[in-house]
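Just below is one structure, and these are the notes that go with it.
Numbering of residues begins at 1 and proceeds along the displayed sequence.
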Amino acid sequence: TGVATVKFKSPPVNSLSLDFLTELQISLEKLENNRGCRGVIFTSAIPNVFSSGLDITDMCGKSMEHYAEFWRAVQRMWLTLYGSNMVTIAAVNASSSETPSYPAGGCLFALSCDYRIMADNPKFFIGLNESQLGIVAPFWFKDTFVNVVGHRIAERSLQLGLLHPASEALQLGIVDELVPEEELQDKAAAVLAQWLALPDHARQLTKSMMRKSVLDRLVTHQEDDVQNFVSFVSKESIQKSLRKYMEMMRKRKG
């Protein structure tokens with residue numbers, strides 16, 4: 001059919017660890033290089049969570065070399081996804097973050113897709129909540145968010161580290177549709193079929209035109225961005241904040 005489905009399955013909460021990002025990157029590149037694949041639906045195989053975001057354990061108590069390797073993996077994933085020639089649909093079948101104690105890479109992943117459909121459930125939340133951990137969202141996270149919701153909404157949401165319930169996410173434009181969870185996959189397939197009815201070359205060139213400046217900005221400053229992340233995350237104050245959240249998560253699980 002020319003359509004692939006990628007299901008996240010990294011228990012317990014699909015956190016974007018270095019290992020997970022490496023496997024995901026391989027899958028994305030295989031699909032991108034397969035000329036028979038025109039579109040892809042991303043969803044979760046784990047109930048109640050789409051992705052908990054960047055894995056804090058890869059950001060805490062590790063070497064500076066590990067932090068750099070981890071951040072380059074995050075960059076590669078985003079560059080491949082945001083610049084993909086395929087039609088990309090995020091079928092957000094649960095919250096992007098199980099608890100507010102994860103940086104919201106799961107939200108970034110959804111924002112980077114062409115279209116986002118979320119299960120209609122008042123218990124499901126989505127957002128970029130980095131500031132709740134004392135972390136600043138990188139400029140390309142911010143750029144992606146601004147391109148979707150506009151400057152004012154992005155500014156407020158990023159400063160407060162807000163996690164938005166599904167209905168509010170729809171109102172703000174973070175997601176494009178809400179549907180009952182049992183209809184999510186069928187709706188994603190139907191939307192994808194609409195997009196694939198268009199000539200690929202026109203859609204691809206338009207997508208590239210709309211996203212090129214944001215992609216180019218990271219490519220131009222990629223190594224500086226890595227060094228900024230390593231310098232920031234290795235600060236003792238940031239490590240202390242991350243350890244505090246990890247301890248809070250352990251207590252909640254207990």
Side-chain angles (χ1 to χ4, degrees), residues 1-8 16 21 24-43 50-51 72-92 96 104-118 126-128 137-151 153-154 157-158 169-170 172-179 184-185 187-222 225:
T1 63
V3 175
T5 299
V6 173
K7 294 184 177 182
F8 301 156
L16 302 179
L21 287 166
L24 178 59
Q25 182 67 24
I26 292 170
S27 296
L28 289 174
E29 290 177 356
K30 284 182 178 179
L31 293 174
E32 196 69 42
N33 293 329
N34 182 348
R35 293 188 178 183
C37 185
R38 301 175 60 213
V40 57
I41 298 169
F42 297 99
T43 191
F50 178 67
S51 172
R72 289 189 182 100
V74 179
Q75 289 178 334
R76 285 193 297 270
M77 178 275 291
W78 179 80
L79 288 168
T80 302
L81 178 63
Y82 199 67
S84 175
N85 282 320
M86 300 179 292
V87 178
T88 54
I89 307 289
V92 184
S96 72
C107 179
L108 175 72
F109 192 98
L111 290 170
S112 301
C113 291
D114 295 311
Y115 201 82
R116 290 160 294 285
I117 308 169
M118 190 172 184
I126 189 168
L128 295 176
F139 69 86
W140 43 284
F141 281 48
K142 181 269 295 181
D143 289 346
T144 307
F145 200 26
V146 169
N147 281 357
V148 173
V149 303
H151 190 278
I153 292 172
S157 185
L158 288 171
L170 176 64
L172 297 177
I174 297 172
V175 297
D176 298 298
E177 285 191 64
L178 297 180
V179 300
L184 190 62
Q185 296 305 313
K187 184 62 177 180
V191 169
L192 191 52
Q194 291 178 331
W195 283 63
L196 293 179
L198 300 171
D200 280 343
H201 69 280
R203 179 192 56 75
Q204 290 168 353
L205 288 172
T206 302
K207 181 176 181 176
S208 176
M209 175 179 63
M210 296 299 294
R211 298 190 173 196
K212 187 176 186 300
S213 61
V214 178
L215 289 162
D216 286 349
R217 189 178 176 201
L218 176 57
V219 171
T220 301
H221 301 286
Q222 198 164 355
D225 183 59

Requested in this report: Go through the structure and list residues passing side-chain contact (heavy atoms from CB on, under 4.5 Å) with Leu218, not counting sequence neighbours.
Outcome: Gln75, Trp78, Leu79, Phe139, Trp140, Asp225
Report task. Using a 4.5 Å cut-off on heavy atoms from C-beta on, say whether the side chain of Leu108 contacts that of Thr144. Result -> yes
Query - Where Cys107 and Gly127 come nearest, the two heavy atoms and their spacing - result: CB-O, 3.2 Å
Requested in this report: Verify, without hydrogens or angle tests, whether Glu32 (side chain) and Ser84 (backbone) share a donor-acceptor contact under 3.5 angstrom.
Outcome: no
Query raised in the report: Once you round to the nearest 0.5 Å, how far does CE of Met77 lie from OG of Ser112?
Result: 6.5 Å
Query raised in the report: Any idea which heavy atoms bring Phe50 and Phe8 closest together, and the distance?
Result: O-CD1, 3.5 Å
Query raised in the report: How many angstroms lie between atom OH of Tyr115 and atom OG1 of Thr88, to the nearest 0.5 angstrom?
Result: 13.0 Å
Query - Arg116 vs Val148 side-chain heavy atoms within contact, under 4.5 Å - result: yes
Query raised in the report: So how far is it from Glu177 CD to Leu184 CG, rounded to the nearest 0.5 Å?
Result: 10.0 Å
Query raised in the report: Do we see a donor-acceptor contact under 3.5 Å between the side chains of Gln25 and Thr80?
Result: yes
Report summary line: For Leu172, the side-chain contact (heavy atoms from CB on, under 4.5 Å) test, sequence neighbours excluded, returns Ile153, His164, Glu168, Ile174
Query raised in the report: For the residue pair Ile126 and Ala110, what are the closest heavy atoms and their distance?
Result: CD1-CB, 4.3 Å
Query raised in the report: Is Lys187 atom NZ crowded by more than 12 heavy atoms from other residues, nucleotides or ligands, each under 6.0 Å away?
Result: no
**Report entry** Residue pair Leu158 / Phe141, side-chain heavy-atom distance below 4.5 Å
**Finding:** no
Query raised in the report: Counting N and O atoms only, with roles assigned by atom type, does the side chain of Arg38 sit under 3.5 Å from a partner on the main chain of Thr1, one being a donor and the other an acceptor?
Result: no
Requested in this report: Measure the OG1-CZ distance between Thr206 and Arg211 for me, rounded to the nearest 0.5 Å.
Outcome: 12.0 Å
Requested in this report: Taking salt bridge (charged side-chain N to carboxylate O under 4.0 Å, His left out) as the test, write out the residues that go with Lys142, two or more places apart.
Outcome: none
Query raised in the report: With no hydrogens and no angle check, is any side-chain donor or acceptor of Arg76 less than 3.5 Å from a backbone partner on Leu21?
Result: no
Report task. Identify, with sequence neighbours excluded, every residue that meets side chain to side chain donor-acceptor pair (under 3.5 Å) alongside Gln204. Result -> none
Query raised in the report: With sequence neighbours left out, what residues match Asn147 under side chain to side chain donor-acceptor pair (under 3.5 Å)?
Result: Tyr82
Query raised in the report: Do you know the tightest heavy-atom contact between Gly106 and Leu16?
Result: N-CD1, 4.3 Å
Report task. Nearest 0.5 Å please: distance from the CG atom of Leu31 over to the CE atom of Met86. Result -> 5.0 Å
Report task. List for me each residue that meets side chain to side chain donor-acceptor pair (under 3.5 Å) alongside Thr43, sequence neighbours excluded, and say none if there are none. Result -> Asn93, Gln185
Requested in this report: For the pair Asp114 (side chain) and Ile89 (backbone), establish whether a donor and an acceptor sit closer than 3.5 Å, ignoring hydrogens and angles.
Outcome: no
Requested in this report: Take Leu128 and Leu111 through the side-chain contact (heavy atoms from CB on, under 4.5 Å) test and state the conclusion after the steps.
Outcome: CA-CA 10 Å; Leu128 295 176; Leu111 290 170; 4.2 Å; yes
Query - Minimum-distance pair of heavy atoms, taken over all atoms of Val146 and Ala154 - result: CG2-CB, 3.7 Å
**Report entry** Val3 vs Leu196 side-chain heavy atoms within contact, under 4.5 Å
**Finding:** yes
Report summary line: Separation between NZ (Lys207) and CG (Asp200), nearest 0.5 Å, reads 11.0 Å
